[in-house]
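Following: one structure in structure tokens, then a few remarks.
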2 protein chains.
Amino acid sequence: MTPTLAQPPLEDASKERLRLWLRLLKTTRGIEAKLRENFRAEFDTTLPRFDVMAALSRYEDGLKMSEISGVLRVSNGNVTGIVDRLADDGLLVRVPVPGDRRAHRVCMTRKGREEFARQAAAHEAWIADMLGQFSAEDARTLTTEFNLPEEANDR
Amino acid sequence: MTPTLAQPPLEDASKERLRLWLRLLKTTRGIEAKLRENFRAEFDTTLPRFDVMAALSRYEDGLKMSEISGVLRVSNGNVTGIVDRLADDGLLVRVPVPGDRRAHRVCMTRKGREEFARQAAAHEAWIADMLGQFSAEDARTLTTEFNLPEEANDR
DNA sequence: CATATAAACTTTAAGCATAAAATATTTTTA
DNA sequence: TAAAAATATTTTATGCTTAAAGTTTATATG
């Protein structure tokens, strides 16, 4: 006879994978909501703005508009508005690309770099707190496990 | 002397947790993008619309507007527009609540239930495919591991 | 060289999301 | 019971997001 289990019996993999997806979604959305709230309260900014700044911070010479959308995997038109607003705030500038009058290189200003440094430090601390249940080793293991193929989408 | 490692040495937990977060974000966004694309191509609908239908499908007697936003953890005003459009399409109806003229109960129509059944089956198959690298046992283990406290937010 | 194609970017239309304010109704309280 | 507080929902303002169409500039092709 089937013994009573602490957990319900394993259903087919399809159901368990669906459960995992719903859990991942709930967890990441919860963390994103907290980040959004913190960014608003502490820095009067948003997650998409931070994402653009973070992308730029990794490239000393800035990025072209299309490179930003490529790195962040968002649509082209999306980046236009976010960069507009960051530029209005003096955190970055559009620099014409010599020899190609279609393109612009987006670079952080000094003010942008300083502001981003503060935001990045806070961001890392918030994440470390929210994922505090994972040891460094656990985190590394899970990072590897969640490296899905996702149609081999690097660059 | 420190031996050469297959992976870089463990940095402090903070950095490893940040890496895990970035990986989770990349993975869930990738899956969400694929789902959005599939929902659009196969059913001419969106993920938020599916989420509302999924919430309603679990309650025979429907849900009030505020209950939908509570279950889905989205803002009140957000649900108004999504329900408006689903109602326009005849997939659900707003039913007045007897004895409280402020409130409405949102219920799926027969058409809505039939459409949702098709969508849910496809959704489960898409997820099972994208998370195919996880066995049923792995999926269950990970689902448990990602049950973050997140300020004990159930209902 | 003229034109066609491609590339870089912006604009538009529609929908999703939040926070905050507004409206209507119900319940509590003085 | 009248005024105040709470509840249920919608509306408004702002920003993010995509897909698709449009503009300008660059490159390829006849």
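Computed from a prediction, not measured in an experiment: that's the story for all the values here. So that the names make sense, note that chain A is the first sequence line, chain B the second, and so on, each numbered from 1.
- With rounding to whole Å, N76(A) atom CG is found 16 Å from dA21(D) atom P.
- The residue I82(B) sits close only to the backbone: its heavy atoms come under 4.0 Å of sugar-phosphate atoms, none of a base.
- Spacing between atom CG of D84(B) and atom C1' of dT11(D) amounts to 11 Å, rounded to whole angstrom units.
- In this structure, D44(A) atom CG and dG15(D) atom P are separated by 10 Å, rounded to whole Å.
- Checking the phosphate oxygens (OP1, OP2) of dT11(C), no side-chain nitrogen or oxygen of T80(A) falls inside 4.0 Å.
- Side chain of D100(A), nearest nucleotide from dA24(C), dA26(D), dC16(C): dA26(D).
- When distances run from any side-chain atom of R36(B) to the nucleotides dA26(D), dT18(D), dT10(C), the shortest one goes to dT18(D).
- Here R105(B) lies out of heavy-atom contact (under 4.0 Å) with every strand.
- Between R40(B) and dA20(D) there is a side-chain polar atom (N or O) within less than 4.0 angstrom of OP1 or OP2.
- Side-chain to base pairing of R102(B) with dA24(C): no donor and acceptor N or O lie closer than 3.5 Å to each other.
- A sub-4.0 Å separation between OP1 or OP2 of dT9(D) and a side-chain N or O of K64(B) is absent.
- Here the two rings, on F50(B) and F116(B), have centers that are under 6.0 Å apart.
- Two different hydrophobic clusters hold V95(B) and Y59(B) under the rule that ILVMFWY side chains link at heavy-atom gaps under 4.5 Å.
- OP1 or OP2 of dC9(C) has at least one side-chain nitrogen or oxygen of S66(A) nearer than 4.0 Å.
- Residue whose closest nucleotide on DNA chain D sits further toward the 5' end, between T46(A) and G99(A): T46(A).
- When rounded to the nearest whole Å, the span between CG of L35(B) and C1' of dT18(D) equals 15 Å.
- Aromatic ring centres of F134(B) and W21(A) lie farther apart than the 6.0 Å criterion allows.
- Regarding N78(A), its CG atom lies at a distance of 14 Å from the C1' atom of dT12(C), rounded to whole Å.
- Backbone-only engagement by V74(A) is indicated by non-hydrogen atom pairs under 4.0 Å involving sugar-phosphate atoms exclusively.
- Contact annotation: R94(A) side-chain N/O to dT10(C) OP1/OP2 distance is under 4.0 Å.
- Regarding E67(A), its CD atom lies at a distance of 13 Å from the C1' atom of dA7(C), rounded to whole Å.
- Rounding to whole angstrom units, CG of residue L72(B) and P of dA17(C) are separated by 9 Å.
- When rounded to the nearest whole Å, the span between CZ of R73(B) and C1' of dT18(C) equals 16 Å.
- Note on L22(A): it clusters hydrophobically with F146(A), by side-chain heavy-atom contacts below 4.5 Å among ILVMFWY residues.
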Note to self: If you apply the rule salt bridge (Lys or Arg N to Asp or Glu O under 4.0 Å), what do you find for K111(B) with E114(B), and how did you get there?
What the structure shows: CA-CA 5 Å; K111(B) 179 181 175 189; E114(B) 290 174 353; over 6 Å; no

